[in-house]
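Worksheet for the structure shown next.
None of the values given here were measured: they were computed from a predicted structure.
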Amino acid sequence: MSLSVSPCSDRARWDTTVDELGGHPQQLWGWGQTKAAHGWSADRVLVAEDGVVVGAAQLVVRSLPLPLRSLAYIPRGPQAAKGREIEVLAAIAGYVREAHGSVALSIEPDWDDADDAVAALPAAGWRRSTNTILIGRTLILDLRRTEEELLADMTKKHRQYIRKSGREDLSIRRVLRSEIPSCLDVYRLTAERAGFGIHEDSYYLDIFDNLGDASPVYAAFQGDDVVAFLWISATATTSFELYGGMTEEGERLRANYALKWFAIQEMKARGVARYDFNGLLNDGVSRFKMGWAQHEDQLAGTWDLPLSPFYPVFSRALPLAKRGMQLARRQAGRAVGAVRRVRG
């Protein structure tokens, strides 16, 4: 029997389904709600067989100029019953073609690159894409292991710095909403030092409000001052780092070591099975991440299913558009930082 696809407008049912299918935090209702307030629209669909849900996907859709119409994107999804992934994707693609007329459906699923589902994508018409949003190369800790096993898997330096920063005059705890602006000040300084762009403050406050308990923020304080912060999102099975930053004083105190270990312990205490560091590159931050375990993970990466004869035009234009947006975001971040320094 063919699979049926139907939109879901019930937040509680949606998030419960994501958890039941082992879904990723970027598939939670609150994440789509935030994207919908900042230039995208969100469409959440359930895929069922004989009334039994076997898959689900939160689509975020970006309007594009004619004749492209739109791009449909599934961040770290879909979630599907094991062995049904390709069927579920085919059903969702048919829905996207009819409901949105998109030029392409782009996915970055939370699947290991060695999974059978990934191997089956080319035969189903999917193409690997270099227009990546979420990096496939990452590090995922198995939080079902004991704390002793997790510590033993780290480098000796990381264990030493966890102990050292834990002895410093630091207070590490979950932050309140009223303290988010202080964390964002640290994030802005971090972005300026590292040369990457960030969103306006309202975007991060929307994430905090829309995801609620599924998106805790932890910080290391020296007195009343935030010297490092780490922003997490989590479902029942997976925790995912969103953002983080540190002041020069936080760096001197190695605050990020004790802070990250605190966040890992918090996710483990929740019963979450996986802790995803959200991407590895060839930079200093990634070298810091790689010290937390003796392995790395490769997820499926970015895949496109062309849905329009205009797909070649879209695939050539997207990288240029992304570079322009990234440049604008970096410039805006520098401008905001400069204004705040003058006012300070």
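Stacking of R127 on the aromatic ring of W303 is not recorded, the 6.0 Å distance cut-off and the 45° axial limit not both being met.
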Evaluate R44 against Q27 for side chain to side chain donor-acceptor pair (under 3.5 Å), listing each step before the verdict. CA-CA 9 Å; R44 305 165 185 93; Q27 285 289 292; over 6 Å; no
Could you walk me through whether R76 and Q26 satisfy the side chain to side chain donor-acceptor pair (under 3.5 Å) test, starting with their C-alpha distance in whole Å, then the side-chain angles of each, then the deciding distance to 0.1 Å, before giving a yes or no? CA-CA 6 Å; R76 286 293 183 261; Q26 297 219 329; over 6 Å; no
Report the C-alpha separation of D153 and R145 in whole Å, then their side-chain angles, then the decisive distance to 0.1 Å, and conclude whether the salt bridge (Lys or Arg N to Asp or Glu O under 4.0 Å) test is met. CA-CA 11 Å; D153 207 27; R145 304 176 75 194; 3.5 Å; yes
With salt bridge (Lys or Arg N to Asp or Glu O under 4.0 Å) as the test, would you mind laying out the steps for R173 and E179 before giving the verdict? CA-CA 12 Å; R173 59 173 173 82; E179 295 166 322; 2.6 Å; yes
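In the model, S286 has a side-chain atom that pairs as donor or acceptor with a side-chain atom of D283 under 3.5 Å. With 3.5 Å as the limit, one finds a donor-acceptor pair spanning the side chains of Y203 and K35. Checking Y275 against D142 by side-chain atom types alone, no donor-acceptor pair falls below 3.5 Å. Under the 3.5 Å distance criterion, with hydrogens and angles disregarded, a donor-acceptor pair is assigned to the side chains of S70 and S102.
In this structure, W292 and W261 have parallel ring planes: the angle between them is below the 30° cut-off, well short of the 60° mark. Ring geometry for F262 versus Y218: interplanar angle over 60°, hence perpendicular rather than tilted (30 to 60°). Y243 and Y187 have tilted rings, their planes meeting at an angle from 30° to 60° on a 0 to 90° scale.
No side-chain heavy atom of V226 sits less than 4.5 Å from a side-chain heavy atom of T247. The shortest distance between side-chain heavy atoms of K164 and Y257 does not fall below 4.5 Å. A heavy-atom distance below 4.5 Å is found between the side chains of H38 and S202. Side chains of E20 and V53 form no contact here, defined as non-hydrogen atoms less than 4.5 Å apart. The closest side-chain heavy-atom distance from S165 to Q160 is not below 4.5 Å. Contact of the L139 side chain with the M290 side chain is not registered, since no non-hydrogen atoms from C-beta on lie closer than 4.5 Å. Side-chain atoms of D276 and D297, non-hydrogen and from C-beta on, never get closer than 4.5 Å to each other. When side chains are defined from C-beta on, L59 does not count as touching Y73, because their heavy atoms never get closer than 4.5 Å.
Listed by chain and number, the residues in a side-chain contact (heavy atoms from CB on, under 4.5 Å) with A119 amount to none (sequence neighbours excluded).
The heavy-atom pair separating A214 from R270 by the smallest distance is CA-NH1, 4.4 Å. Of all heavy-atom pairs between L280 and K289, the closest is CD2-CB, 3.8 Å.
The residues K260 and E241 are annotated as salt-bridged, a charged nitrogen and a carboxylate oxygen being separated by less than 4.0 angstrom.
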